[in-house]
Amino acid sequence: MISGAELVVKALVNEKVEVCFAYPGGQAIDLFDALYQREEFRVVLPRHEPGLIHAADGYARSTGKVGVCMVTSGPGATNLITGIATAGYDSSPLVCITGQVSTHLIGKDAFQEVDMVGISRSIAKYAVTVKKREELGTILKKAFVIAQSGKPGVVVVDIPKNVQQELGSEEYPETVTIRGGQKIQEIPTSEIKSVVGLLNNAKKPVLLVGGGVHRGKAHKELMNFVEKSEIPVVTTIMGKGALPSDHPSYIGNVGIHGSYAANQAIINSDVLFALGTRLNDRVTGNPANFCRSTKLIHLDIDPAIIDKNVDASIRMVGNIKTGLPKITGSLNVKDHNCWLQEVKKMDGSVPVHMKEKGLTPEIIIKKINQHFTNAIVVTDVGQNQLWTTQFLEVTKDRQLLTSGGLGTMGFGFPASIGAKLGNPGMDVLTITGDGGFQMNLQELATTMLEKIPIIVCIFNNGCLGNVRQWQEMFYDKRYSYTILKEETSQYVPDFVALAHSYGAEGHRITRIEEIDEAFKQAKAVKEKTVVLEFMLETEQKVLPIVAPGQSLKEMIIYE
């Protein structure tokens, strides 16, 4: 006989969990007592629950394994909500274990009681409160299965204090049955034939790749399709890197900040094959005007995605990893080189390039390409994120992690912690803004005490840059509450001094000539976080851009 809390620990061991990000509290104290002096996996104590869940998310995204976090009830649990939504939007597999008041107190407004299941139900893949000790093992097993099966997502397991304390069976099931089954829907042969027919007869086909290729681990299958079809490939931000950036068929990102060539390729295509993407407004611009004369083939594992934003000519629900090879095997080898070169020529004539002189994000990121080959680059959200997706070369040896669907500021730095713990042999860099970094900078304590070496690149332009850019371009320069540094004042905080106060290294870069040495020194530091503050001009913009409500045809390329 063991306690419910001890069974939770046994479940984590059996599921081969490598790291658990956890923060204690009154209604989770029994869970933490069960963790005391256990050595089967690493327990990391971050400094705030929002950082904790982003760290678990970064671990999951970078490894493909389930990320695990554990917190107490009430504010501990509610502090996970943004992270649950962030991971859920981007199909990142997480199991979030939350403490809860004892079952006899539920519904009685007990201290630190919240209905975590009710709060998270709309953003989690599954959420459940364990009402009986004898159900605990089965529920935990289901949590890990559900989190990583089909379209990955977040599972919340809410465990009341008395269930944690109650003695019961130590059995943890090896398998469970999930209502609705775990079988992945097979794509009908008739649909395969229809898709192959469209692609074989297409004159200007384009392949649009989303984050579903990453989640489905279908990189090899995608490469085989591209090598045989020679179709131009464009990606969403979440799909970048599914095909290496240096592949001859790769054009660039699409959407409201996409490249001219990538957007023009879609606009001029006769068949668009979309893989693992929601086709949301960031990709399509005004969806009413998206590819109106183009035949759209949409393949996704989630049936709710198909036709949600853009009507498809052929709708395919299924697994990309198993479904795409069937299409590849039936394709005729057809020469699309003329079409590919036409698109490449557009890319050459209108490249994504910053015209400003001096220290620019383009120069900094291209230096990262030079100095860091075996690396994971994690962005925050805002201009720093968009510049990174424009200029970072993503290959099989360099990953890009970013918050796409929810666009969560404060994601980048803590997610880097999880990425580094999951990939200790790789360099991990955070690219963040001066605004986003301040949302979870307390995790500097975590990286220093846990000896987690991360290189933090702060793009400091003294403002909330993305919103400020919109204010300048579309709101008649009314800079309402986006300026973080007045012209005559000193920036608060001093990021270099702040880094030093945590025991981290800190350096400020103001000139191009300083970048190479800064990266060389940072790369050489072991067991310590390095903060590099790059001083940028406030007026630097992310271009191209599509104005709100406009179509991809109406993109603004240069000012």
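Quick note: residue numbers are just sequence positions, from 1.
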[X] to [Y] - nearest heavy-atom pair and separation:
X	Y	result
Pro287	Val310	CB-CG2, 4.5 Å
Glu170	Ile2	CB-CD1, 3.5 Å
Ile192	Gly323	CD1-O, 4.3 Å

Atom [atom1] of [X] and atom [atom2] of [Y]: how far apart are they, to the nearest 0.5 Å?
X	Y	atom1	atom2	answer
Asp307	His298	CG	NE2	9.0 Å
Ile327	Ile187	CD1	CD1	6.0 Å
Leu406	Thr86	CG	OG1	4.5 Å
Leu272	Leu198	CG	CG	11.5 Å
Gln399	Ile376	CD	CD1	4.5 Å
Arg61	His54	CZ	NE2	9.5 Å

Strictly distance-based, threshold 3.5 Å: is any side-chain N or O of [X] a donor or acceptor partner for the main-chain N or O of [Y]?
X	Y	result
Ser102	Leu105	no
Asn162	Thr103	yes
Asn423	Ala419	yes
Asn309	Arg278	yes
Lys142	Ile178	no
Thr284	Asn286	no
Arg215	Ser91	yes
Thr129	Lys131	no
Asp90	Ser403	no
Thr447	Leu444	yes

Side chain to side chain, [X] and [Y], heavy atoms closer than 4.5 Å:
X	Y	answer
Ile84	Val156	yes
Leu94	Ile53	yes
Tyr23	Leu45	yes
Val317	Ile306	yes
Phe21	Val43	no
Leu299	Phe273	yes
Asn440	Pro46	no
Arg38	Val9	yes

Near [X] [atom1], under 6.0 Å, is it more than 12 heavy atoms from other residues, nucleotides or ligands?
X	atom1	answer
Phe290	CZ	yes
Leu331	CG	yes
Lys308	NZ	no
Arg282	CZ	no
Phe372	CZ	yes
Lys295	NZ	no

Applying the side chain to side chain contact (heavy atoms under 4.5 Å, CB included) criterion to Leu207, which one of Val271, Thr235, Ile231 satisfies it?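 That would be Ile231.
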[Y]/[X] salt bridge by N-O under 4.0 Å criterion:
X	Y	result
Glu221	Lys321	yes
Lys132	Glu166	no
Lys141	Glu174	no
Glu186	Lys326	yes
Lys108	Glu113	no

For His48 and Asn79, what are the C-alpha separation, side-chain angles and deciding distance, and is it a side-chain contact (heavy atoms from CB on, under 4.5 Å)? CA-CA 8 Å; His48 197 200; Asn79 277 338; 3.6 Å; yes
Please lay out, stage by stage, how Gln100 and Gln27 fare under the test side-chain contact (heavy atoms from CB on, under 4.5 Å). CA-CA 6 Å; Gln100 181 57 277; Gln27 304 304 333; 5.9 Å; no
Chi angles and distances behind the side-chain contact (heavy atoms from CB on, under 4.5 Å) call for Leu243, Val209: CA-CA 9 Å; Leu243 187 74; Val209 177; over 6 Å; no
Verify the distance criterion only: is there a donor paired with an acceptor across the side chains of [X] and [Y] at less than 3.5 Å?
X	Y	value
Gln385	His257	no
Thr373	Asp397	no
Thr430	Ser416	yes

Kindly indicate, with the supporting measurements, whether the criterion side-chain contact (heavy atoms from CB on, under 4.5 Å) is fulfilled by Val381 and Asn466. CA-CA 9 Å; Val381 168; Asn466 208 36; over 6 Å; no
